[in-house]
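Remarks on the structure that follows.
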Amino acid sequence: MIFKHTRPSEKSFYWKLFILISLQLLAYYAVINNDFVWDDETYVYQYPYIREFSWSGAFFGHFLNFNYYRPLPLLTFALDYVFSGGQPWLFHLTNLLFHIVNTVLVVFLAQRVIIRYNPTATRNLALLAGLFYGLHPVLVEPVAWISGRFDLMVTLFLLLALLLDGLPSLWKRSFGVGLCFFLAALCKEMAVAFPVILVFWHLALADHPAQGQRSLGDYWRYYRNSGHLWTYLALLVAGLAYLGLRYVALGYLLQPTVEVDKLGEPLQHLLLVAKALGLYLSLIVWPFTQLSPLHEQVYPVPLTDTSAWIALLVITSLFIAWFRWVNRYPLVFWLGLAFFISLAPIIHLVPLPIHATIVHERFLTFPLALFTLLVAGVIEQVRPVLIREFIPRWRLPGIGIATLAILWFSLSLVNIRVTVPLWETNFRLWSWAVQKEPESDYAKGYLMQIYAYHDIEKARELFSKMKKLDIYNWKTYGLILIREEKYQDAIELYEELVTFLPENGSGLSSTMLAAGIYNNLGLCYLKTDNITKAEESFSKAISINPYLPEVYINLSGIYAKKGQLSEAKRVLDLSKKYGSPFLNKNLESYSKSLEDLIKKENQISSEQVK
């Protein structure tokens with residue numbers, strides 16, 4: 001069908017688009033059965049303005065990481081919470097809907113790229129591009145993981161900006177692109193590369209310069225006559241507005257997060273960039289056997305890392321070959337550069353290792369869209385050659401290409417159906433992570449935390465296999481001691497851990513860690529009947545992070561022991577305010593008991609007065 005030049009009717013196109021969306025729903029429908037995993041509960045339950053829907057809180061409150069400023073996705077979380085009562089199904093459904101919208105945008109952008117080269121082309125190739133993007137297995141992570149919404153939403157606004165860039169009205173085009181860039185930046189920081197991407201996008205779709213001369217004057221006349229300079233001015237204004245809002249909210253623009261010595265020498269940094277880029281490209285080309293929540297890397301990259309050197313050699317050769325296409329295939333050349341620029345924020349040019357992970361599959365959400373447009377452009381440009389020279393002489397290659405395409409989409413559909421359930425619960429997720437990365441202390445730490453509540457022996461086994469223990473793992477080991485009723489050992493451990501806590505920890509993750517340690521310390525004191533120390537520890541935890549429900553539950557127990565039933569009930573109500581629906585349901589009997597005791601106490605007091 002993609003080799004026919006007859007344009008199908010609008011009705012036929014939208015029916016095919018409906019089939020494409022239906023295939024996505026078929027692939028991902030099981031996601032609505034998934035629970036909150038990894039950072040999801042933190043975003044949903046530890047942000048009070050999500051539960052109470054506060055615009056000011058979303059834009060000016062605290063964030064999970066001190067360098068994160070992503071208020072728009074948090075507002076969508078708040079809406080999901082309002083309409084679902086904190087149940088995960090709507091959060092997952094919203095992610096899936098964002099992915100479907102992104103896929104539709106890819107279809108329309110692909111058609112624009114194809115028509116730029118061949119105005120008589122059908123829309124079938126654009127639909128195939130949407131199918132490739134919509135069913136690419138590497139996007140399971142942002143769709144199945146609620147916290148992947150940041151990547152889905154930044155992609156939505158950047159793709160919409162590219163689409164609006166085709167508007168005939170200059171002011172509408174400039175305003176629309178600038179607004180979408182501003183909104184994208186409010187979703188995730190990687191939007192910073194978009195202005196450069198847009199320059200290459202314009203060069204890819206340009207009518208001028210043509211196959212003749214390409215002097216600097218030609219480029220300047222093209223940009224001046226096209227009106228793109230006004231669009232760039234709109235991007236500048238939007239970028240400054242974002243930076244101003246970010247500074248007001250955070251009090252700074254950016255703080256360093258990685259020590260330079262983790263990068264090693266300049267050559268090791270170059271190997272890190274090359275290896276990350278190579279891994280992202282391999283995930284795009286062949287994701288089926290590589291999907292994993294973690295892709296860990298030792299820092300700095302050893303000079304003996306063969307895979308890094310191979311990646312450097314292949315990518316260097318690829319760039320040399322790519323620059324030969326600038327005159328022959330300018331559309332493909334500039335789209336290719338736009339794709340590589342979209343990868344720039346995520347390949348450690350500015351170092352960003354998260355828990356020693358070198359690549360993150362969700363980071364490909366937008367770059368994969370540009371890669372899809374690039375592939376569509378390549379196919380459209382080589383298609384005439386195939387029709388004229390190759391296929392008439394030997395039809396077997398055409399059959400082989402069609403077979404490979406069918407095999408790819410079949411494997412993608414199966415891979416998505418298999419991978420989505422692996423994100424269903426924390427236990428399944430981290431069991432899978434340990435299976436894929438058996439040497440990962442980060443994955444074993446999460447799985448150990450789960451086992452600490454259910455299987456102490458397996459928790460201890462995981463602890464013994466860790467090579468490098470951090471404060472998070474020692475905190476979990478303290479839970480094991482508590483479960484074994486070794487309260488004094490746990491007290492000694494937690495008292496030592498608090499000495500390693502930063503005095504002015506910023507970011508929600510840091511305050512959650514500190515508050516969690518003080519909560520566990522207070523629980524140990526409570527178990528050893530040291531009520532004063534326990535109350536001090538719980539109060540300290542609340543002063544660090546007032547949104548942990550378990551702290552209020554424990555503090556309520558202290559007040560109940562002291563006979564201060566009304567205070568115990570008041571504090572317990574605070575735990576309900578910040579707790580999950582599941583936790584609150586389990587607290588109903590305890591809350592009812594407190595209410596009955598308070599009524600009984602009031603009744604006795606009334607009788608004594610009489």
Side-chain angles (χ1 to χ4, degrees), residues 1-29 96-140 143 152 155-156 158-160 162-166 201 204-205 284-285 287 331-332 335 339 364-384 386-387 391 398-417:
M1 291 292 290
I2 64 172
F3 296 113
K4 293 184 178 180
H5 287 283
T6 56
R7 182 179 296 275
S9 66
E10 290 293 314
K11 185 177 180 180
S12 173
F13 167 73
Y14 286 110
W15 269 112
K16 292 174 183 177
L17 190 60
F18 173 77
I19 293 173
L20 169 58
I21 294 172
S22 299
L23 286 174
Q24 288 183 276
L25 292 173
L26 176 65
Y28 281 106
Y29 74 89
L96 177 54
L97 293 177
F98 275 126
H99 178 53
I100 290 175
V101 172
N102 288 343
T103 302
V104 173
L105 290 175
V106 167
V107 171
F108 285 104
L109 287 169
Q111 182 65 7
R112 186 180 175 197
V113 169
I114 294 165
I115 289 178
R116 167 63 187 86
Y117 185 79
N118 180 10
T120 63
T122 71
R123 291 180 172 180
N124 292 330
L125 180 55
L127 288 165
L128 283 177
L131 187 63
F132 174 80
Y133 182 83
L135 294 183
H136 200 291
V138 82
L139 298 183
V140 169
V143 177
L152 293 170
T155 300
L156 169 68
L158 294 183
L159 292 178
L160 191 58
L162 293 179
L163 195 64
L164 293 177
D165 185 63
W201 173 262
L205 300 183
I284 291 175
V285 175
L331 182 147
V332 174
L335 276 182
F339 163 65
L364 282 173
T365 310
F366 179 63
L368 180 62
L370 292 180
F371 180 83
T372 303
L373 301 179
L374 170 63
V375 172
V378 170
I379 292 176
E380 188 56 42
Q381 290 207 337
V382 302
R383 183 168 62 90
L386 291 175
I387 294 175
I391 293 179
I399 298 174
I401 292 172
T403 302
L404 286 176
I406 294 172
L407 179 62
W408 169 276
F409 291 124
S410 300
L411 285 175
S412 297
L413 187 60
V414 171
N415 198 265
I416 292 172
R417 293 296 303 274

* Asked: What's the verdict on side chain to side chain contact (heavy atoms under 4.5 Å, CB included) for Ile284 and Leu364, showing C-alpha distance, side-chain angles and the deciding distance?
  -> CA-CA 8 Å; Ile284 291 175; Leu364 282 173; 4.0 Å; yes
Using a 3.5 Å cut-off and no angle test, enumerate the donor-acceptor pairs between side-chain atoms of residues 17-26 and protein atoms at least two apart in sequence or in another chain.
unit_1: Ser22; atom_1: OG; unit_2: Phe18; atom_2: O; d: 2.8
unit_1: Gln24; atom_1: NE2; unit_2: His99; atom_2: NE2; d: 3.3
unit_1: Gln24; atom_1: NE2; unit_2: Thr103; atom_2: OG1; d: 2.9

Restricting to non-hydrogen atoms, name the atom on [X] and the atom on [Y] that form the minimum distance, rounded to 0.1 Å.
X      : Y      : answer
Leu162 : Arg112 : O-NH1, 3.2 Å
Val106 : Ala129 : CG1-O, 4.3 Å
Leu135 : Ser412 : O-CB, 3.0 Å

Find the distance between [atom1] ([X]) and [atom2] ([Y]) and round it off to the nearest 0.5 Å.
X      : Y      : atom1 : atom2 : result
Asn415 : Trp408 : CG    : CH2   : 9.5 Å
Leu127 : Phe13  : CG    : CZ    : 5.0 Å
Leu128 : Ile379 : CG    : CD1   : 7.5 Å
Leu131 : Phe409 : CG    : CZ    : 4.0 Å
Leu331 : Ile114 : CG    : CD1   : 10.0 Å

* Leu205 backbone acceptor or donor facing Arg116 side chain under 3.5 Å -> yes
* Asked: Under 3.5 Å, side chain of Tyr133 to main-chain N/O of Thr365, donor-acceptor pair present?
  -> yes
* **Which residues share a side-chain contact (heavy atoms from CB on, under 4.5 Å) with Val101, sequence neighbours left out** => Leu105, Leu156
* Asked: Taking only residues two or more places apart in sequence, or in another chain, which ones meet Leu411 in a side-chain contact (heavy atoms from CB on, under 4.5 Å)?
  -> Trp286, Phe288, Leu407
Taking the side chain as every heavy atom from C-beta outward, state whether [X] and [Y] have any atom pair closer than 4.5 Å.
X      : Y      : result
Leu96  : Ile100 : yes
Val414 : Ser410 : no
Pro287 : His136 : yes
Phe366 : Asn102 : no
Arg123 : Val107 : no

* Residues in ring pair (Phe, Tyr, Trp, His ring centres under 6.0 Å) contact with Phe98, at least two apart in sequence or another chain -> none
* To do: Please assess Val113 against Glu380 for the test side chain to side chain contact (heavy atoms under 4.5 Å, CB included), listing each intermediate value before the final yes or no.
  => CA-CA 9 Å; Val113 169; Glu380 188 56 42; over 6 Å; no
Would you tabulate the side-chain donor-acceptor contacts of residues 367-376 under 3.5 Å, counting partners in other chains and residues two or more places apart, or write 'none'?
unit_1: Thr372; atom_1: OG1; unit_2: Leu368; atom_2: O; d: 2.8

* **side chain to side chain donor-acceptor pair (under 3.5 Å) partners of Arg417, counting only residues at least two apart** => Tyr29
